[in-house]
Amino acid sequence: MIDRPRTILQVLPKLDTGGAERVVIEIAEAVQSCGHIALIAAEPGALSNAALRTGARIINLPLASKSPFTIRRNAKRLEKLIREYRVDLVHAHSRAPAWSAYWATRRTQTPFVTTYHGVYSENNAFKHHYNAVMARGDRVIAVSAFVAGLIHARYGLGGDKIRVIHGGVDTVKFDPANVLGDRISRLSRDWRVDMDQPLIMLPGRLTSWKGQKTLIAALARLHHADAIAILAGGDQGRGAYAASLAALAENLGVAERLRIVGHNEDMPAAMMMADIVVNASTDPEAFGRTIVEAQAMGRIVIATDHGGARETIIPGETGFLVPPSDAVALAEALDMALDMSAEARIAWGSHARAHIRQNHSIAAMQQAVLNVYAELLA
């Protein structure tokens with residue numbers, strides 16, 4: 001990456017909202033800031049403008065399709081793109097585009113990097129084969145040590161190819177000092193919440209494995225009977241699931257204490273509103289970006305005790321870990337956190353923010369990825 005400007009092509013299905021998509025944009029920003037050329041091949045989406053603001057060029061390809069025929073055609077399209085733009089390295093962030101990129105890079109002898117962003121369930125031989133492309137990179141980036149162990153167990157890949165690079169958080173954007181009061185006031189008004197009541201937030205899209213039902217069940221068990229729970233995340237077409245959450249809250253007698261607010265663009269202000277931020281995922285998170293963002297905002301986090309959360313929370317210092325799908329344990333942890341004095345919560349929050357700034361900044365993640373590129377381009 002030093003001798004001359006290099007062209008880095010990242011591939012993913014669509015530039016929509018999500019953790020992997022934001023990582024792609026952050027990497028593109030790092031590539032451009034170093035004087036290199038960032039290309040992103042994907043279908044356009046909600047984050048397209050954010051990608052363009054980094055200086056990256058977006059190439060519209062139908063990479064979201066899982067059709068074997070489209071994946072093969074995309075391999076030819078990517079091969080042509082690699083030759084036309086003289087691409088030096090290809091980085092894949094999702095399985096269907098990774099297959100196309102894998103075949104294209106083998107034909108063009110281009111270095112190939114993958115990032116294993118998810119846990120990817122494997123309940124049959126086909127799924128194992130489909131997922132395996134994410135372990136076929138010349139270097140495989142795992143977003144946590146938990147994921148690195150999973151890759152090794154499934155595919156026998158050794159440490160010579162795997163690089164653990166945790167996700168990063170923008171500690172300027174996610175900084176309590178930079179969130180003005182009017183942003184919080186606007187959200188509290190839109191979401192019909194009284195700032196004098198304890199506020200518990202679960203950020204994340206509305207899908208069953210994110211554990212919204214566990215939080216609602218815990219809400220009904222709280223000693224702090226005035227606490228409000230906010231579910232901040234889009235349903236992405238899962239209207240029936242959102243309706244089932246409202247029905248559960250009604251059945252448990254907490255409907256008036258639940259807010260299902262949909263997707264929110266101003267997550268720093270949303271987290272600043274909250275007293276406690278919860279990650280209640282029933283299945284292990286590969287990393288858990290919202291856990292890191294909440295700690296950067298100085299919030300106490302309660303998360304499920306598995307997956308990447310074990311690597312980003314210091315139990316008893318920056319947050320709590322509870323068993324998965326255990327509403328009783330979650331309620332106990334919430335009551336414990338809400339019982340803390342304001343001074344104690346501020347001290348925990350300061351410790352949490354310092355922990356994130358030291359270990360999980362975007363700058364550290366970006367440099368680590370550039371170092372992986374340099375390994376292959378030296």
Side-chain angles (χ1 to χ4, degrees), residues 8-31 38-52 54 56 58-59 61-66 74 89-102 112-121 130-131 133-137 139-144 146-148 150-151 162-170 203-205 207 209-210 233-234 236 263 267 279 281 283-293 307-309 311-312 360 362 364-366 368-370 372-373:
I8 306 299
L9 168 65
Q10 296 186 85
V11 298
L12 72 160
K14 186 175 181 178
L15 277 166
D16 223 335
T17 55
E21 291 80 359
R22 292 193 180 279
V23 168
V24 168
I25 292 170
E26 289 157 3
I27 293 171
E29 179 183 47
V31 168
L39 305 178
I40 300 173
E43 295 182 17
L47 292 180
S48 292
N49 286 337
L52 290 171
T54 71
I58 300 174
I59 298 161
L61 288 180
L63 293 173
S65 174
K66 295 180 180 178
N74 283 337
L89 182 145
V90 178
H91 187 167
H93 295 266
S94 186
R95 291 163 292 176
W99 275 111
S100 301
Y102 173 71
F112 181 47
V113 174
T114 59
T115 291
Y116 213 100
H117 285 282
V119 174
Y120 306 137
S121 63
Y130 180 62
N131 295 343
V133 69
M134 300 308 292
R136 292 195 181 190
R139 293 292 183 275
V140 177
I141 296 173
V143 297
S144 63
F146 165 72
V147 168
L150 190 109
I151 296 168
I162 300 175
R163 301 290 180 269
V164 176
I165 302 177
H166 288 114
V169 61
D170 185 341
R205 64 188 182 278
T207 184
W209 74 272
K210 287 291 187 179
Q236 297 181 326
H263 176 70
M267 285 311 298
N279 178 297
S281 297
D283 298 330
E285 295 256 15
F287 175 61
R289 191 180 183 97
T290 59
I291 295 172
V292 177
E293 291 173 344
E311 300 169 43
T312 56
H360 298 292
I362 280 182
M365 180 277 290
Q366 290 171 320
V369 172
L370 293 177
V372 171
Y373 294 171

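The minimum heavy-atom distance linking Tyr120 with Thr115 is given by the pair OH-O, 4.5 Å. Heavy atoms only, all atoms of each residue included: Tyr116 and Met134 are closest at CD1-CB, 3.4 Å. For the residue pair His91 and Ile27, the shortest heavy atom distance occurs at CE1-CD1, 3.9 Å. Across all non-hydrogen atoms, the minimal contact from Glu43 to Pro62 is OE2-CA, 3.3 Å. In this structure, Arg136 and Phe112 approach most closely via the heavy-atom pair O-CD2, 3.9 Å. For the pair Ala41 and Leu63, the tightest heavy-atom approach, listed with the atom from each and the gap, is O-CD1, 3.2 Å.
Rounding to the nearest 0.5 Å places CD1 of Ile25 at 9.0 Å from CG of Leu52. Of the inter-residue distances, the one linking Leu370 atom CG with Met365 atom CE reads 9.5 Å to the nearest 0.5 angstrom. Atom CD1 of Ile141 sits about 10.0 Å away from atom CD1 of Ile151, to the nearest 0.5 Å. The NZ atom of Lys210 sits 6.0 Å away from atom OG1 of Thr290, with the distance rounded to the nearest 0.5 Å. Distance check, rounded to the nearest 0.5 Å: CG of Leu61 to CD1 of Ile40 gives 12.5 Å. Note that the OG1 atom of Thr312 and the CG atom of Asn279 stand 8.5 Å from one another [nearest 0.5 Å].
Under the 4.5 Å side-chain criterion, counting only non-hydrogen atoms from C-beta, Val119 is in contact with Phe146. When side chains are defined from C-beta on, Phe287 does not count as touching Val147, because their heavy atoms never get closer than 4.5 Å.
With no hydrogens or angles considered, no side-chain donor-acceptor pair links Ser94 and His117 at under 3.5 Å.
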Derivation of the side chain to side chain contact (heavy atoms under 4.5 Å, CB included) call for Trp209 and Glu285: CA-CA 10 Å; Trp209 74 272; Glu285 295 256 15; 3.8 Å; yes

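Residues satisfying the side-chain hydrogen bond (donor to acceptor under 3.5 Å, both in side chains) criterion with Asn131, sequence neighbours excluded, are Arg95, Glu122.
The aromatic rings of His360 and His166 sit perpendicular to each other, their planes meeting at more than 60°, with 30° as the lower class boundary.
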What side-chain donor-acceptor pairs closer than 3.5 Å can you find for residues 8-16, not counting sequence neighbours?
| from | atom 1 | to | atom 2 | distance (Å) |
| --- | --- | --- | --- | --- |
| Gln10 | OE1 | His93 | NE2 | 2.8 |
| Gln10 | NE2 | Val24 | O | 3.0 |

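Not one N or O on the side chain of Ser281 forms a donor-acceptor pair closer than 3.5 Å with the backbone of Pro284. Checking side-chain atoms of Glu26 against main-chain N and O of Gln366 turns up no donor-acceptor pair under 3.5 Å. Of the possible polar contacts, none joining the Asn74 side chain to the Pro97 backbone as a donor-acceptor pair under 3.5 Å is found.
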